[in-house]
Amino acid sequence: MIRAITVDDEKHCLDTLDILLQENCADIRVMERCTSAKQAIAAIEKHQPDLVFLDIEMPVMNGFELLEQFAEIPFSVIFTTSFNQYAIKAIHLSALDYLLKPIDPADLIEAVKKIEKRKQFPSHEQLQILIDRMQEKKNGFHKIAVPTAEGFELIPYELLIRCEAEDNYTHLFLKDKRKLTACRTLKEMEEHLAEFSIFTRVHHSYMVNLNEIVKYVRGEGGYLVMSDGATVSVSRSRKDALIRLFERNT
């Protein structure tokens, strides 16, 4: 049983989420419904929940400010938001979980399954990434949060040379010769890195940093030689789009 608290300043949103949870997530027990961050903090201290469904935009204290009240965040978080696509990219970049209003039942089920599987709590570093991107601060803080078996690794995006898929995991190869294994699919990594235009998918198994391509060798699909000496296959279906990228930069 997952003990949860729902937080939203709009009562009808809490009502809708209650119904969706009852119909689709039998393992979740809502301990308390909160219409303000202040009420939520008291409810969290009282119930010690496993999971908090948290609205981002609330008066007086928003969802980010609520989380900042905790020295360590001792629960999983699923943000609920009506924000635009830019904000969704920012949430992806922080490797946090969210549901877009109006909430789709299938998305709710998937988000809860991720939480059950991951069993990791958000870090303040992830929260700071999200806040910085949402506020569009030009502070030079350009890191991505990579979920690993141990937790999260924060790396500057320009260190990433290439990504390689292996089942439900993705191997990340870095300029400092490290190899990280992310607990997410290559498709999820592609969405995660969509904020940065230097990354492109060249094959169902590979994504690369365009700045780290040394050369392209023609063939049926061809292949790339990367700055670390690795060769990366290019699929026939993605070959033309890749060549157009090269031609635009000649």
Side-chain angles (χ1 to χ4, degrees), residues 24 76-81 83-101 103-120 122 126 129-130 133 142-174 178-213 221-224 226 228 230-245:
N24 299 280
S76 298
V77 176
I78 297 177
F79 287 110
T80 58
T81 178
F83 282 166
N84 60 25
Q85 190 59 36
Y86 180 86
I88 298 306
K89 287 182 179 180
I91 296 172
H92 272 303
L93 194 64
S94 66
L96 292 167
D97 296 290
Y98 73 96
L99 291 167
L100 187 62
K101 298 176 185 177
I103 296 172
D104 182 274
D107 292 339
L108 173 62
I109 293 169
E110 183 179 354
V112 170
K113 284 182 178 178
K114 282 184 181 179
I115 291 295
E116 290 175 325
K117 181 179 179 182
R118 188 179 299 155
K119 295 182 180 178
Q120 294 169 346
Q126 287 176 276
I129 290 174
L130 177 53
R133 298 306 299 181
H142 298 298
K143 292 187 176 182
I144 55 176
V146 179
T148 64
E150 294 78 26
F152 289 88
E153 181 125 6
L154 302 174
I155 62 170
Y157 74 92
E158 65 272 12
L159 278 186
L160 180 56
I161 297 175
R162 57 193 174 90
C163 299
E164 181 178 331
E166 184 180 353
D167 298 324
N168 291 322
Y169 297 88
T170 300
H171 301 300
L172 282 66
F173 297 86
L174 309 181
R178 285 186 298 152
K179 173 185 172 183
L180 299 178
T181 298
C183 300
R184 57 174 54 190
T185 65
L186 186 59
K187 183 179 185 299
E188 290 174 317
M189 281 303 305
E190 185 178 16
E191 294 172 349
H192 190 54
L193 293 170
E195 181 75 12
F196 304 109
S197 59
I198 61 171
F199 297 102
T200 190
R201 187 84 168 260
V202 296
H203 189 276
H204 73 272
S205 296
Y206 304 109
M207 183 167 57
V208 300
N209 182 338
L210 291 168
N211 291 332
E212 299 304 316
I213 299 173
Y223 65 89
L224 302 170
M226 305 302 296
D228 61 351
T231 58
V232 174
S233 297
V234 178
S235 66
R236 283 184 299 171
S237 62
R238 297 177 186 269
K239 173 182 175 180
D240 291 343
L242 182 64
I243 291 174
R244 284 196 296 272
L245 279 175

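Worth knowing before you read on, the calculation uses all heavy atoms, side chains too, and leaves out hydrogens, waters and symmetry mates. All of these numbers come straight from a predicted model, not from anything done at the bench.
Applying the side chain to side chain donor-acceptor pair (under 3.5 Å) test to E166 and every residue at least two apart in sequence or in another chain returns H171. Under the side chain to side chain donor-acceptor pair (under 3.5 Å) criterion, S235 pairs with S237, sequence neighbours left out. Shown here are the salt bridge (Lys or Arg N to Asp or Glu O under 4.0 Å) partners of R238, two or more places apart in sequence or in another chain: there are none. Here K113 pairs with nothing under the salt bridge (Lys or Arg N to Asp or Glu O under 4.0 Å) rule; sequence neighbours left out. Checked against salt bridge (Lys or Arg N to Asp or Glu O under 4.0 Å), D104 has no partners two or more places apart in sequence or in another chain. Annotation: side chain to side chain donor-acceptor pair (under 3.5 Å) contacts of T231 (sequence neighbours excluded): none. When the side-chain contact (heavy atoms from CB on, under 4.5 Å) test is applied to D167, no partner is found at least two apart in sequence or on another chain. For R178, the salt bridge (Lys or Arg N to Asp or Glu O under 4.0 Å) test picks out E153, D176, with sequence neighbours left out. Residues passing the ring pair (Phe, Tyr, Trp, His ring centres under 6.0 Å) test with Y206, sequence neighbours excluded: H203. The side chain to side chain donor-acceptor pair (under 3.5 Å) search around D107 returns none, not counting sequence neighbours. In this view, D228 and I161, R162, F173, M226, A230 satisfy the side-chain contact (heavy atoms from CB on, under 4.5 Å) rule, not counting sequence neighbours.
The structure places CG of D97 at 9.5 Å from CZ of F79, a figure rounded to the nearest 0.5 Å. The CE atom of M189 sits 5.0 Å away from the CD1 atom of I144 when rounded to the nearest 0.5 Å.
Among residue pairs with one or both ends in residues 198-213, those qualifying as salt bridge (charged side-chain N to carboxylate O under 4.0 Å, His left out) are K175-E212, E190-R201; sequence neighbours excluded.
Side-chain contact between V112 and N24: absent, with no pair of heavy atoms (C-beta onward) separated by less than 4.5 Å.
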